[in-house]
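Bear in mind the structure is a predicted one, so any value in this text is a computation, not a measurement. Lettering of chains follows the sequences in order, A, B, ..., and the numbering in each one begins at 1. Only this structure's heavy atoms are used, side chains among them; waters, hydrogens and symmetry mates stay out.
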Amino acid sequence: MAKDKKEKKKDSTVTDGPTLTLEEKLDMYRVQVELRQFEKRAYDLFLENFVKGTSHLSIGQEAIAAGFAAAMRKDDWTFATYRGHAHTLARGVPMTPVLAELMGRENGLMAGKGGSMHLTSVEHGVMGSYAIIGAHLPIACGAAWSAQYRGTEQVAVCFFGDGTVNIGAFHEALNFAAIWKLPVVFVCENNLWMEYTRTSEVTAVENPAADRASAYGLESIIVDGNDADAVYSVASRAIARARAGEGPSLIEATTYRHFGHSRADPGKYRPDAEVAEWLAKDPIPRYHQRLIKEGATEQQLVAIEKAVSVAVDLATEEAKAGKAPSPELLMKDVWADGGAQWRN
Amino acid sequence: MAKDKKEKKKDSTVTDGPTLTLEEKLDMYRVQVELRQFEKRAYDLFLENFVKGTSHLSIGQEAIAAGFAAAMRKDDWTFATYRGHAHTLARGVPMTPVLAELMGRENGLMAGKGGSMHLTSVEHGVMGSYAIIGAHLPIACGAAWSAQYRGTEQVAVCFFGDGTVNIGAFHEALNFAAIWKLPVVFVCENNLWMEYTRTSEVTAVENPAADRASAYGLESIIVDGNDADAVYSVASRAIARARAGEGPSLIEATTYRHFGHSRADPGKYRPDAEVAEWLAKDPIPRYHQRLIKEGATEQQLVAIEKAVSVAVDLATEEAKAGKAPSPELLMKDVWADGGAQWRN
Amino acid sequence: MAQLTFREAIARGIAQEMRRDEKVVFLGEDIAAAGGVFKGTVGLYEEFGGVRVRDTPISEQAILGAAMGAAMTGLRPIAEIMFADFFAVCWDLVVNEIAKSRYMTNGQMTFPLVIRSGNGGGLRFGAQHSQSVENWAMMIPGLKVVVPSNALDVVGLMAASIRDNDPVIFLEEKALYASKMEVPDGEILDTLGTAKVLRQGTDATLVALGNMVPRALEAAEELASRGISCTVVDVRSLVPLDTQTILREVSATGRLFTIEENPRLCGWGGELASIVADEIFYDLDGPLVRITTPHIPLPAADVLEDMAIPSVERIVETVFRSMNS
Amino acid sequence: MAQLTFREAIARGIAQEMRRDEKVVFLGEDIAAAGGVFKGTVGLYEEFGGVRVRDTPISEQAILGAAMGAAMTGLRPIAEIMFADFFAVCWDLVVNEIAKSRYMTNGQMTFPLVIRSGNGGGLRFGAQHSQSVENWAMMIPGLKVVVPSNALDVVGLMAASIRDNDPVIFLEEKALYASKMEVPDGEILDTLGTAKVLRQGTDATLVALGNMVPRALEAAEELASRGISCTVVDVRSLVPLDTQTILREVSATGRLFTIEENPRLCGWGGELASIVADEIFYDLDGPLVRITTPHIPLPAADVLEDMAIPSVERIVETVFRSMNS
Ligand SMILES: Cc1ncc(C[n+]2csc(CCOP(=O)(O)OP(=O)(O)O)c2C)c(N)n1
Ligand SMILES: Cc1ncc(C[n+]2csc(CCOP(=O)(O)OP(=O)(O)O)c2C)c(N)n1
Ligand SMILES: [Mg+2]
Ligand SMILES: [Mg+2]
């Protein structure tokens, strides 16, 4: 079905973006390690039934969250999906409230009212995690429109998966952003799979996002989503473009989720060889090696890993110590007046 | 916004399709004249308040309906929009029930229950006219799927406007048809305008349908929609392809509506020069001239026009003679058992 | 004081608020230079310009997504969904996103936005352009729902909706666009969640909404001449719902008749009846009766459409029969 | 006779009908080799193959469009919308197209199709994956709406829905997927539009649906021990609605309590209450009471979600208090 359009693609490389200092790179490393360790803990807590409902891990995809977060201004906006832990933490939201939210505690990011699929921290520019496929793309357009209208030079960055390119909202949002030249960056995290179906089996083009960019007058961009530096570079360019009033971008970041789709899904539908191939491309060890090459010491990196590990343990304790949401919360904040009254 | 992609486009010409006999061409002429005269009458009847509600004319766009209908097999399916008079008549539905439907009479095509925007004649393969933008594209996929499943080699042809390319359902249907290789032909009648807004002002590409074909792995096809022969040729190819199991096509037929969008809209938002340019490209006089060149006599053509005119007058009388729908119809045919009972 | 049509009242209400608050922006299909397909927004583009009054593609999800994203970041958008039937193509944005996000985020976000839409039948537009969807909106937690019945209320309730900090579904009865009345000059600001008692009677209480209000009034007039004295209440706002006024007026007469244009099942009339049957059961003197469009899609033909939507005659007959049985 | 879970009953009902009729085809997201995200369709792909059991992209409008187009041309499709909340992204196909097209075409078309969907809360999935949307569907003319409460009914009502010539919205209560019961071998075929009286009492009639049915039964047990004898009716089918059974059972006790999972406003309980208050007003001995989820989005945290959805305790307390006041 899909035509080979490789020749049209422009693979971004690390060289043509702004350069990062070693210190900044060490911080991107720290972020990736934090996302990884946090989610491993979340998975354990799910198995122990501390996390109820569901949970969707980004393990294997951390470089995208880290690279984008590093390229964003503090007042830029993130729009994420149900698979939103990584993007939330990467923007600087502390681990404790995120973990507590997964556990349905009152010290959770939304006091337990949202749950794992709806992580939101307006204070950190995390403008919500959305659990209906495609919905947040038009919403990100709205935030971008507001930035454009008010002249604040803020940029909205909107993450979604490869399976999302086939829903109507994707299409409406891309066209809308293009014609209004909105400061929004759409990021397709192409991890090859939807839930249990391979995206290429239900998508008419080979590269789900990049092969559709031209339908919106946009450049076709694919980046190695398992390379934080490459992501940072592409992100910086797209964000700068948006900030300068040059309109939206659509970026396809190739990656893989190491775990199943959600909850305890073992992901057995995927061929072993494919999983092995991608585990070998794990962004974190790769980045670790690169940092060593670029002058970091093994000690420095181990220290980062240890510090994160301590922080994850602490967050776990703090989250567990949180109490159950108080009953008053049930009838709070349907309306702007703080209440839920629909009658007098 | 829109990039110039002219070079990628393949303009179909009359030569590479099957050839039509003069007789067949005379019939396409007759169809176009019928659509034109019928709709002029419908417009008059609207102004006289015989046609209530609304009405959307295809005057100026007749060559598309005629060309496609000529290329279709009797058991192929048409899916139309609220602007559906032309496509309904072109499939051979008699004028009287169509006109009577516009007038809300019991001898109407749907006994007055549907109205001008929902013309349907299953008997003639007219599988409905749909008034919500985009909705019928996925529905046409469903009919095509059923033909594929049952091996009937029927083809679904689905007409829509240029403004329709920006709604989500368009996108979902195109991808779906492509991946399932469905026997469906999507026809964008590009008349440059939505209701009162120029489509190019709200669309990120220059050619609303053709520039998006590649997003679904499809060929980019543009045809002169004011030339019935050219339309017939492109239609024949796409239908043959679909019938042979080679999947869907997306065709953009360039045209113009001479009248306003609906009802009595005078279409004043359009520049005079643009209207004049397109009136000069009126498909009917053009086709008239071509037929003369190709050996038809003026007499033959005038005879056709006269016969149509008589038929339109007759249909008008018959429609007017129809009585108001009987009250029993109100509570009929919500359900397959013929009734409307929701309780016992 | 000038005669104002219902459609002019829309533009007047919006203009009043756009003048006082730069954060108010307006988007939709054909709403700018064209002034809207119902001519409800004539003059806004000319006064406020193309940056604040903006045409969109036929992309209802994008329209509402834009409104939502703008509202959560400090603007006060007004979005038009041309016909209320089209809510079906963007329902996710309305019910899953706009309505729920404040609650889900534990109050981190606020959505001061208005979605206006042409509602209801009577124009012979057929089943996909004639629906009354007030019950679609009422059933979703997190939405306010306003349905004015006259030009004066349009101006004041539009202003109140725009100033409100919650999402408001503002339904404009298409059948009323041409109606007119005297509307005072100067700023007009009404209050959401207030019903109006338009006529006071002693035997039965007729509760109506939107396009059914003038019919209820006319029916009450006719019923008076036949010896039945009716109170008529204009609900105006389904959420918040002025249950105080409604319960008081039903208690006073002991009889409730609701007059709804939406189809039979799960309408606001059933909601009211069940509130009444729960809370003031012992004040009731007889059955609670709902007069509605039957549970069918709306037919296009004039005679059929007129049979479907509650008419003055049907209201009169139903009330008369019920009061005499 | 075997123990069957509710989720296995889904596959069994579908398989039964796919075996007898080649026209039955099935499409949806992850429904084929994966067996569905709720494991409700395990084995179908293996038995019927990829032509009849087919995975789709995440394109709910395309899914329902495909079902509709296939139905109008002679197939009998079953479409899955994974979570009922997702109806919002394809609502136009459901309400404007599938529901209305038979009527609009004056009966030229028939739509024998089933849309199955996972409905309701209790799984801590949060506001966008937990909604009970039975009232969304009930309010639309042209849709049948079925909500079974146990595995046996699932098989028989699924078969009846597939054989029915109208569009059926078949809602599967997610909270019940793991429940099991003995289900006889062999063909099972039930009848749409029939409520079931599950317990006969003398003081009050509890009417429940889906996931609320087991709770109503448990509450009735508890109420019996507190001296209140309850009839329990399982509605099973909202459209067609078995008003005969319901009216008869409410008349007999003189008291109605509806137990709904959908949010407060415009639910099926209000509809029932208003039918009762209109048609058997003089048989009533006291207020009509609705027990519902409050009019809020559903929270994710377990303790909050449990407070929101009617619990056995809340049912018992509400009925007890109302019967003693
Ligand atoms: C409208 C809608 N349809 C279906 C789903 C169920 N669903 C949740 S995640 C998912 C797969 C999404 O795949 P992709 O976009 O690739 O994102 P990923 O999960 O791989 O990050 C599906 C089908 C949904 N949430 N919303
Ligand atoms: C979902 C939806 N949005 C808006 C409309 C209102 N509307 C009817 S026709 C139309 C313009 C369509 O333009 P185009 O697709 O170019 O078709 P044309 O009318 O030119 O044939 C619009 C906006 C609608 N019917 N459905
Ligand atoms: Mg994916
Ligand atoms: Mg057009």
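Residue C:Leu304 holds its CG atom at 11.5 Å from NZ of B:Lys332, rounded to the nearest 0.5 Å. Atom CG of B:Leu330 and atom CD of C:Glu305 lie 10.5 Å apart (nearest 0.5 Å). Between B:His118 atom NE2 and C:Gln128 atom CD the span is 4.0 Å, to the nearest 0.5 Å. Rounding to the nearest 0.5 Å places OG of B:Ser116 at 9.5 Å from CZ of C:Phe125. The line from CE of B:Met117 to NE2 of C:His129 is 4.0 Å long, rounded to the nearest 0.5 Å. Of the inter-residue distances, the one linking B:Lys113 atom NZ with C:Ile296 atom CD1 reads 7.5 Å to the nearest 0.5 angstrom.
Annotation for B:Trp342 and C:Arg264: closest pair CZ2-CG, 3.8 Å, computed over non-hydrogen atoms. Residues B:Gly104 and C:Ala301 approach most closely at O-CB, 3.6 Å, considering heavy atoms. Of all the heavy atoms in B:Ala131 and C:Phe86, the pair that sits closest is O-CE2, 4.5 Å.
In the displayed structure, C:Tyr45 atom OH is contacted under 6.0 Å by at most 12 heavy atoms of other residues, nucleotides or ligands. Heavy-atom neighbours of B:Glu123 CD from other residues, nucleotides or ligands within 6.0 Å: at or below the threshold of 12. In the displayed structure, B:Asp272 atom CG is contacted under 6.0 Å by at most 12 heavy atoms of other residues, nucleotides or ligands. For NZ of C:Lys180, the number of neighbouring non-hydrogen atoms (other residues, nucleotides, ligands) closer than 6.0 Å is 12 at most.
Annotation: maximal heavy-atom pairing with chain C below 4.5 Å, among B:Ile132, B:Leu329, B:Val334, B:Thr199, occurs at B:Ile132. Options B:Gly112, B:Gly115, B:Gly168 differ in how many heavy-atom pairs under 4.5 Å they form with chain C, and the most are formed by B:Gly112. When each of B:Ala111, B:Pro327, B:Gly108 is checked for heavy-atom pairs under 4.5 Å with chain C, B:Pro327 comes out on top. Heavy-atom pairs under 4.5 Å with chain C were tallied for B:Lys52, B:Met194, B:Glu195, B:Gln341; the largest tally goes to B:Glu195.
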Inset, instruction - Please report the C-alpha distance between C:Val37 and B:Tyr196 in whole Å, then the side-chain angles of each, then the deciding distance to 0.1 Å, and finally whether the side-chain contact (heavy atoms from CB on, under 4.5 Å) criterion is met. - result: CA-CA 8 Å; C:Val37 297; B:Tyr196 316 128; 3.7 Å; yes
Legend entry - side-chain contact (heavy atoms from CB on, under 4.5 Å) between B:Ile133 and C:Ile58, worked out: CA-CA 8 Å; B:Ile133 292 293; C:Ile58 308 175; 3.7 Å; yes
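For B:Ser326, the part sitting under 4.5 Å from any heavy atom of chain C is the backbone (N, CA, C, O) and nothing else. For chain B, the nearby part of C:Leu123 is the backbone; its heavy atoms alone come within less than 4.5 Å. Contacts of B:Arg343 with chain C are absent, with no heavy-atom separation under 4.5 Å from either backbone or side chain. Interface residue C:Thr56: only backbone heavy atoms are found under 4.5 Å from chain B.
Annotation: side chain of B:Thr203 is not in contact with side chain of C:Pro57 (no heavy-atom distance under 4.5 Å). Looking at C:Val303 and B:Pro325, their side chains come closer than 4.5 Å, going by heavy atoms from C-beta outward. With contacts defined as side-chain heavy-atom distances shorter than 4.5 Å, the pair B:Ile167/C:Ser59 does not qualify.
Remark: the B:Thr197 side chain and the C:Asp30 side chain contain an N/O donor-acceptor pair separated by less than 3.5 Å.
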